[in-house]
Amino acid sequence: MRAHKSVGDVPHGTIESGFPINWIKAAGHLAVWAVMYAIGVALMLGELLGFPLGWEALLYVALCSHAGYLFDRLKFRDSDLDPADLLADPDRHGFLRSRSGWIRVLMVLEWIAAMVVGLLLSTWLSVLVVGGVVVGYVYSGWPPSDRARLKDVSGLKAWLVSIAVVGLGCAALLAQVDLFGGIDSLLSTLSERQSMCILGMLLVVCGDAVLCDLDDSASDRVYRTRSLPVMVGDRWSALSAVGLLVVGSGVILLGLVGGDLLVGGVWFVGLVLLSGVVILVAGPMIGGRRDWVDGRMLIAALVAMEIISR
């Protein structure tokens, strides 16, 4: 399928609801809520591992995650646009494609800014930006009709998202801790129970990714992206998503038992699990699950951090 080439062919997204609903939708289209998710995960990892993140690390996470999400949605060229995206959410991708020029410029500027900010913490963070672009391209950088992408491999899509989000937070955390000379303390902690927090977060984020994939199951099925809903159906995928959230939450709490962070951890996993189930059930009535899943992570992290700080 050929991508839209002329202005007349590009669907112009419309946001018909009044203020503030139109701005909320536009923020979702522009991956603002997705960035909040990545920041929430990074913040919570820093708290759970005992090394709260500073502004440089959080800015790095924000820049990398936003550029990455924009690239996943708009690629480098119109000819690489994914027809499955337009089928899954015509309003979102019509909105994005009609503004693709300046959004792609923003995407590149954010990658450059991430490399500069990364240098404040560690040289290898700048190199990681380039590696992230390459991995992002292999993940989804061309149309599914050309050849298989990483996201099309059976059952891999949600896990790749989880590894990317948690890995980005861990990379920023490691660089910050190393800069201030605490890397030995962090590594000794990770060799024991706190490593369970990372594993638990991987499971939680994977569960959220499966929840989001439920919104795309019809288009993934048409364009042969073998996400979990395509493989086992929406009902079993929904149960799997809840199972991942429950098990991941349990693993996080096991890593915190006997420590000062347990109460904050209980609040965090409780909010994430409860909101995840509500979003799963209410999805068809609230315009889809993705933006709600993304936006609630930072809220849960901030609530938990407030409990921890008391």
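For the numbers below, each heavy atom of this structure counts, side chains included, while hydrogens, waters and symmetry mates do not.
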Considering only heavy atoms from C-beta outward, does the side chain of [X] approach that of [Y] to under 4.5 Å?
X: Ser240; Y: Leu228; answer: yes
X: Val293; Y: Tyr37; answer: yes
X: Ile24; Y: Trp33; answer: yes
X: Leu81; Y: Arg97; answer: yes
X: Phe268; Y: Leu261; answer: no
X: Lys151; Y: Asp82; answer: yes
X: Ser219; Y: Asp85; answer: no
X: Val166; Y: Leu45; answer: yes

If hydrophobic clusters are built from ILVMFWY residues whose side chains come within less than 4.5 Å, do [X] and [Y] share one?
X: Leu271; Y: Leu43; value: no
X: Leu274; Y: Leu239; value: no
X: Ile252; Y: Leu262; value: yes
X: Val269; Y: Trp267; value: no
X: Val138; Y: Leu156; value: yes

Closest heavy-atom pair and its distance - [X], [Y]:
X: Pro143; Y: Arg149; answer: C-NH1, 4.5 Å
X: Gly46; Y: Leu173; answer: CA-CD1, 4.3 Å
X: Ser140; Y: Asp72; answer: OG-OD1, 2.7 Å
X: Ala31; Y: Tyr69; answer: CB-CB, 3.7 Å
X: Ala241; Y: Gly207; answer: CB-O, 3.5 Å

Taking [X] for the side chain and [Y] for the main chain, is one N or O donor matched with an acceptor at less than 3.5 Å?
X: Gln194; Y: Leu48; result: yes
X: Ser162; Y: Ala158; result: no
X: Tyr139; Y: Leu160; result: no
X: Gln176; Y: Gly54; result: yes
X: Trp142; Y: Arg147; result: yes
X: Trp292; Y: Ile286; result: yes

Checklist entry - Looking at residues at least two apart in the chain, or sitting in another chain, which of them share a side-chain contact (heavy atoms from CB on, under 4.5 Å) with Arg226? => result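 Per chain and number, Arg226 pairs via side-chain contact (heavy atoms from CB on, under 4.5 Å) with Ser154, Val230, Met231.
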
Item to check | Chi angles and distances behind the side-chain contact (heavy atoms from CB on, under 4.5 Å) call for Leu211, Ile279 | outcome: CA-CA 9 Å; Leu211 284 180; Ile279 292 168; 5.5 Å; no

Item to check | Sequence neighbours excluded - side-chain hydrogen bond (donor to acceptor under 3.5 Å, both in side chains) pairs with any residue from residues 165-175 | outcome: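 Non-adjacent pairs meeting side-chain hydrogen bond (donor to acceptor under 3.5 Å, both in side chains): zero.
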
Checklist entry - Quick one: salt bridge (charged side-chain N to carboxylate O under 4.0 Å, His left out) pairs with a partner in residues 103-113, sequence neighbours left out? => result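 For residues 103-113, and leaving out neighbouring residues, the salt bridge (charged side-chain N to carboxylate O under 4.0 Å, His left out) pairs sorted by first residue read Asp78-Arg104.
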
Item to check | All pairs passing salt bridge (charged side-chain N to carboxylate O under 4.0 Å, His left out) where residues 288-310 contributes a residue, at least two apart | outcome: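 Non-adjacent pairs meeting salt bridge (charged side-chain N to carboxylate O under 4.0 Å, His left out): Arg92-Asp291, Asp208-Arg296, Asp215-Arg289, Asp216-Arg290, Glu306-Arg310.
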
Could you measure the distance from the [atom1] atom of [X] to the [atom2] atom of [Y]? Nearest 0.5 Å is fine.
X: Met107; Y: Ile112; atom1: CE; atom2: CD1; result: 11.0 Å
X: His66; Y: Met36; atom1: NE2; atom2: CE; result: 12.0 Å
X: Asp91; Y: Leu96; atom1: CG; atom2: CG; result: 9.5 Å
X: Tyr60; Y: Ser126; atom1: OH; atom2: OG; result: 7.0 Å
X: Lys157; Y: Cys212; atom1: NZ; atom2: SG; result: 9.0 Å
X: Leu203; Y: Met196; atom1: CG; atom2: CE; result: 10.5 Å

Item to check | Side-chain hydrophobic cluster, 4.5 Å single linkage: members besides Val105 | outcome: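 Result for Val105 is Leu109.
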
Item to check | Co-members of Met285 in a cluster of I, L, V, M, F, W and Y side chains, linked at under 4.5 Å | outcome: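 In the cluster with Met285 there is nothing else; it is isolated.
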
Next on the checklist: One pair to check against side-chain contact (heavy atoms from CB on, under 4.5 Å): Leu30 and Phe95. What are the steps and the verdict?
Outcome noted: CA-CA 9 Å; Leu30 293 169; Phe95 176 93; 3.9 Å; yes

Checklist entry - Given the rule in the side-chain contact (heavy atoms from CB on, under 4.5 Å) test, do Leu63 and Leu59 qualify, once you have shown the distances and angles that lead to the verdict? => result CA-CA 6 Å; Leu63 290 168; Leu59 181 57; 3.9 Å; yes

Next on the checklist: With a 4.0 Å cut-off on N to O distance, would you call Asp89 and Arg73 a salt bridge?
Outcome noted: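 Looking at Arg73 together with Asp89, the answer is no, because their closest N to O distance does not fall below 4.0 Å.
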
Checklist entry - When you look at Val35 and Ile39, which way does the side-chain contact (heavy atoms from CB on, under 4.5 Å) test go after all the steps? => result CA-CA 6 Å; Val35 173; Ile39 292 174; 3.8 Å; yes

